Amino acid sequence: MRAVDIIARKRDGLALTAEEITFFIQGLTSGQIPDYQVAAWAMAVLLRGMTAQETIELTMAMVRSGATLDLSSVAPIVVDKHSSGGVGDKTTLAVLPMVSAAGLPVVKMSGRGLGFSGGTLDKLEAIPGFNVSLSVEQLLANARRYGIALSGQTPELAPADGKLYALRDVTATVPSLPLIASSIMSKKIAGGANAIVLDVKVGRGAFVETLEDAHALAQLMIRIGEGIGRRVTAVLSDMSQPLGLAVGNALEVVEAMETLRGGGPSDFREHCLVIGAEMLLLGGLASSPEESRAKLLETIADGSALDKFRTWVRAQGGDVRAVDDPSLLPHAPVVEQVPAPRSGYVAGIDAREVGLISVDLGAGRARKGEPIDPAVGIVLGTKAGNWVTAGEALFIIHARDRATAFAACERLLAAYTWSQEPVSQPPLVYETLRSIQGG
Ligand code: URA
């Protein structure tokens, strides 16, 4: 078999066989197939697509490129969650302690922010001392002992995805449904969970912008999961505007902690309840979404979710005092409150633009491996659909210096659209799709 023939077949719109896909993924993992051929193949896949069967074969070839975690020592059923990436998405920080406090142990591997999209590891590292680089042994030991553990993706799991994703990132081949589905699902399957809740973000601040594409992506990932006996639930959720109010690492930690205390923005709290409820359902801890919700609300009301957050921070070396005293988290030297330039209904807040502005403030990275500033970011004063009177606080910018704050302010004002007529708020969740078989 030759890589060039496989690229040519995909270029001509033919379906690849399982053997061809395995050969290609083995070659890219070992380095025998050079980057330029992998890039050409990725572009052919983006332009020509893949059948569901090819996508399943691709996913499993990527799983076989490395090790697979065995979580059976943690609990009989371990449920993972994964967000396809967005702006202000600090769901993991709040939902993991809630779900764990409700009795379902959670073990999760997360990523860093890239481009406009934030990453859970960066957010947790805003807590002084928090260690996101646990060995597999530590991860499992913490999960068994505390019922909650999170670490960065280890290079041993689905290494083919690590290589392929890095190439896709620089060859404009990220937005391909089969490549996104196989990338996410190979990591989740290698991560060992029996069941997975996928938070598929839709809109300007997501990798997938239309509901149609998000639906197709969700169906594809459910089919991949079902094919190997893993139950998958996909929640299609809005990312046209940021989730919650805070965008920026330490700022998002504060918002997640407020939510665990029973406060926090109502959209973010509701989103956590939706995702957490699906996790409890898959984990067999509840038999209806209503029962799940009630259990999660109880963890907030009785303080057990916040206690679990404290346990988690302590277990991973973080300064637990910061949970009750957020002044111990990093703070930006410049904090600028910006008033609304006009009165009106906020018709939209462009999530992608907010994400990019926060990257320019220093909260994210344009290139893999760049350092970030945990303190900087944006806190919105309101969300789309609400009335604002001129002069009211529209947003607050947390910046390193006045010049970057000023530049961010100008751009952020332009990210708002206004209406004089009432506008409806975008729905939080568009659709929930569940496996009918598997697991
Ligand atoms: N998240 C992933 O893990 N992979 C993709 O391809 C896109 C989003």
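It should be emphasised that the depicted structure is a prediction, and the values quoted were computed from it without experimental measurement. Remember, it's 1-based here, ligands and their atoms both numbered in the order they're listed. Basis for what follows: all heavy atoms, side chains included, without hydrogens, waters or symmetry-related copies.
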Under a 3.5 Å threshold, I'd like every N/O contact between ligand 1 and protein atoms, with atom names and distance.
unit_1	atom_1	unit_2	atom_2	d
ligand 1	3 (O)	K187	NZ	2.5
ligand 1	4 (N)	S183	OG	2.7
ligand 1	6 (O)	R168	NH1	3.0
ligand 1	6 (O)	R168	NH2	2.9
ligand 1	6 (O)	S183	OG	3.4

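Side-chain atoms of D199 and S237 include a donor-acceptor pair closer than 3.5 Å. Judged by distance alone, the side chains of Q425 and N386 do bring a donor and an acceptor atom under 3.5 Å apart.
Applying the ring pair (Phe, Tyr, Trp, His ring centres under 6.0 Å) criterion to F268, with sequence neighbours excluded, gives no partner residue.
Sorted by first and then second residue, the salt bridge (charged side-chain N to carboxylate O under 4.0 Å, His left out) pairs with a member in residues 210-224 form an empty list; sequence neighbours excluded. Residue pairs satisfying the side chain to side chain donor-acceptor pair (under 3.5 Å) criterion with at least one member in residues 75-85, sequence neighbours excluded, are listed as follows: D80-K188, K81-T92, S83-D89.
Aromatic pair W312/Y146: centroids not less than 6.0 angstrom apart.
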